[in-house]
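In what follows, a structure is listed as structure tokens, so that the remarks can point back to it.
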Protein chains: 2
Amino acid sequence: MYTIGEVAQLLGVSTHTLRYYEKEKIILPDRNEHGDRIYSESHLQWLKFDLKLKETQMPITKIKEYAYLYTEGEHTAINRLKLLEDHKSSIENQLKTLEETHKMLEHKITSYKEMILKRDEGVTKA
Amino acid sequence: MYTIGEVAQLLGVSTHTLRYYEKEKIILPDRNEHGDRIYSESHLQWLKFDLKLKETQMPITKIKEYAYLYTEGEHTAINRLKLLEDHKSSIENQLKTLEETHKMLEHKITSYKEMILKRDEGVTKA
DNA sequence: ATATGGGTTAGAGTAAACTCTAAGTCAAAT
DNA sequence: ATTTGACTTAGAGTTTACTCTAACCCATAT
């Protein structure tokens with residue numbers, strides 16, 4: 001069981017952000033007798049997953065949608081499946097772009113190194 | 001040689017965006033006798049590269065910096081090299097996150113499919 | 001006693017990257 | 001003649017995802 005501050009620390013987000021996610025109904029932690037938010041292990045896992053979705057460019061609106069469907073129960077399973085499959089495709093596209101660009105950069109970096117080397121040889125000779 | 005509208009079409013950006021990039025000194029196309037922007041093949045290649053950087057999460061400020069260093073001449077080659085190497089690292093981190101999340105999604109998707117299948121079997125039997 | 005960390009509402013502010021509007025000009029094509 | 005696509009300046013507006021402030025309350029730890 002974690003307080004908001006502990007969760008913030010653990011996940012590297014601010015307490016502001018956690019309250020904002022709650023306002024957006026992305027996570028709904030429990031409360032203790034004082035009204036303080038209490039996050040369980042499963043809340044933490046949920047948040048971690050959400051942050052992975054965010055890191056992989058899923059917009060907050062989609063994450064909200066997923067969370068909403070979740071609260072709506074089992075009959076939304078197909079919708080959630082669809083949403084996750086769409087995101088999987090998106091990730092595959094991103095991977096493609098990143099791999100391509102990675103290759104381009106490797107080439108450019110090699111060229112730059114050669115260029116600098118030749119230039120510096122020239123300087124040494126002069 | 002391309003007009004701004006042609007470049008916009010080819011690259012899938014708006015003419016607004018191209019003028020904005022020019023204001024930000026990311027691309028500086030030539031002009032014809034009427035003052036219309038004229039983009040050469042190399043301008044196009046430059047833009048394509050910039051868009052790849054953008055797609056791989058390089059902020060516009062960094063792209064501007066790279067463009068600025070370029071205009072400053074050969075003595076900035078080491079700085080440009082450093083910038084590209086940093087971005088290569090960033091891409092490697094993104095790849096890691098995406099691959100991890102891709103795996104997570106594959107698992108979740110499998111679970112969902114099983115869950116839906118079992119549920120529908122139940123319905124058929126009832 | 002006071003500092004720390006938690007709570008609230010309501011709303012303002014921020015940064016990034018566009019995106020668009022107004023209001024006018026100019027040239028080529030139909 | 002008019003539509004189309006180009007140009008200009010200057011600045012306003014939009015979206016996303018926070019981020020923070022005010023102003024006040026409550027409980028635990030030092």
Side-chain angles (χ1 to χ4, degrees), chain A residues 1-40 43-44 46-68 83 87 90 94 97, chain B residues 1-40 43-44 46-68 83 87 90 94 97:
Chain A
M1 298 300 192
Y2 309 92
T3 66
I4 193 169
E6 287 163 353
V7 174
Q9 270 264 310
L10 281 167
L11 303 186
V13 297
S14 71
T15 56
H16 284 305
T17 301
L18 290 173
R19 293 203 189 92
Y20 164 70
Y21 284 173
E22 187 171 342
K23 198 165 65 191
E24 298 297 321
K25 290 173 197 147
I26 289 170
I27 10 124
L28 299 161
D30 300 330
R31 299 295 178 127
N32 70 8
E33 67 276 19
H34 304 305
D36 294 9
R37 289 168 182 81
I38 296 296
Y39 296 82
S40 70
H43 288 126
L44 208 63
W46 177 261
L47 276 169
K48 277 186 185 173
F49 183 58
D50 289 345
L51 292 176
K52 285 289 172 197
L53 295 179
K54 219 206 64 180
E55 268 190 282
T56 56
Q57 320 303 318
M58 184 183 281
I60 293 288
T61 47
K62 273 282 162 214
I63 299 176
K64 279 174 70 172
E65 198 183 321
Y66 183 65
Y68 169 72
L83 195 152
H87 191 56
S90 153
Q94 291 178 61
T97 302
Chain B
M1 298 301 192
Y2 309 92
T3 66
I4 193 168
E6 286 163 353
V7 173
Q9 270 264 309
L10 281 167
L11 303 186
V13 298
S14 70
T15 56
H16 285 304
T17 301
L18 290 173
R19 293 202 189 94
Y20 164 69
Y21 284 174
E22 186 171 342
K23 198 166 65 192
E24 298 297 321
K25 290 172 198 148
I26 288 170
I27 9 125
L28 299 162
D30 300 329
R31 299 295 178 129
N32 69 9
E33 67 275 19
H34 304 304
D36 294 9
R37 290 169 183 80
I38 295 297
Y39 296 81
S40 70
H43 288 126
L44 207 63
W46 176 261
L47 275 169
K48 276 185 185 174
F49 184 57
D50 289 344
L51 292 176
K52 284 289 172 197
L53 295 178
K54 219 207 64 178
E55 268 190 282
T56 56
Q57 318 304 319
M58 184 182 282
I60 293 290
T61 47
K62 274 280 162 216
I63 299 176
K64 278 174 70 171
E65 199 184 321
Y66 183 64
Y68 169 72
L83 195 152
H87 191 55
S90 154
Q94 290 177 61
T97 302

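Keep in mind that the numbers below use all heavy atoms, side chains included, and drop hydrogens, waters and symmetry copies. Everything quoted here is computed from the prediction, not taken from an experiment.
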Practice task
Figure out the CD/P separation between A/Q57 and C/dA16, and round it to whole Å.
Solution key: 16 Å
Exercise for the section: Start with the C-alpha distance between A/Q57 and A/Q94, add both sets of side-chain angles, then the distance that settles side-chain contact (heavy atoms from CB on, under 4.5 Å), and finish with yes or no. Expected result: CA-CA 9 Å; A/Q57 320 303 318; A/Q94 291 178 61; 3.1 Å; yes
Practice task
Please identify each residue that fulfils salt bridge (Lys or Arg N to Asp or Glu O under 4.0 Å) with A/K48, with sequence neighbours left out.
Solution key: none
Practice task
Identify the 5'-most and 3'-most nucleotides of DNA chain D with at least one atom closer than 4.0 Å to a non-hydrogen atom of chain A.
Solution key: D/dA17 to D/dT28
Handout entry: 5' priority, DNA chain C, between B/K54 and B/E33 [closest heavy atom]
Key = B/K54
Problem - 5'-most by nearest nucleotide on DNA chain D - B/I38 or B/K23 - result: B/I38
Handout entry: side-chain hydrogen bond (donor to acceptor under 3.5 Å, both in side chains) partners for A/S40, two or more places apart
Key = A/S42, A/H43
Exercise for the section: Take atom CG of B/L11 and atom C1' of C/dC18, then tell me their distance rounded to the nearest Å. Expected result: 16 Å
Kindly give the atom pairs (protein nitrogen or oxygen, nucleotide nitrogen or oxygen) under 3.5 Å for nucleotides 3-10 of chain C.
residue, atom, partner, partner atom, Å
C/dG6, OP1, A/T3, OG1, 3.4
C/dG6, OP1, A/G5, N, 3.0
C/dG7, OP1, A/R37, N, 3.2
C/dG7, OP1, A/R37, NH1, 2.6
C/dG7, OP2, A/R19, NE, 3.1
C/dG7, OP2, A/R19, NH2, 2.3
C/dG7, O5', A/R37, NH1, 3.3
C/dG7, O3', A/R31, NH1, 3.4
C/dT8, OP1, A/R31, NH1, 3.2
C/dT8, OP1, A/R31, NH2, 3.1
C/dT8, OP1, A/R37, NH2, 3.2
C/dT8, OP2, A/R37, NH1, 3.0
C/dT8, OP2, A/R37, NH2, 2.9

Practice task
To the nearest Å, give me how far apart CD1 (B/I60) and C1' (C/dC18) are.
Solution key: 9 Å
Handout entry: Minimum side-chain heavy-atom gap A/Y21-A/L47 below 4.5 Å
Key = yes
Completion exercise
A/E22 meets the salt bridge (Lys or Arg N to Asp or Glu O under 4.0 Å) criterion, sequence neighbours left out, with A/R31, A/R37
Completion exercise
Here the pair of heavy atoms bringing A/T15 nearest to A/G5 is CG2-CA, 4.1 Å
Problem - Over 12 non-hydrogen atoms of neighbours within 6.0 angstrom of CD in B/E55 - result: yes
Handout entry: Between C/dC18 (C1') and B/L18 (CG): distance, integer Å
Key = 12 Å
Exercise for the section: List for me each residue that meets salt bridge (Lys or Arg N to Asp or Glu O under 4.0 Å) alongside A/K25, sequence neighbours excluded, and say none if there are none. Expected result: none
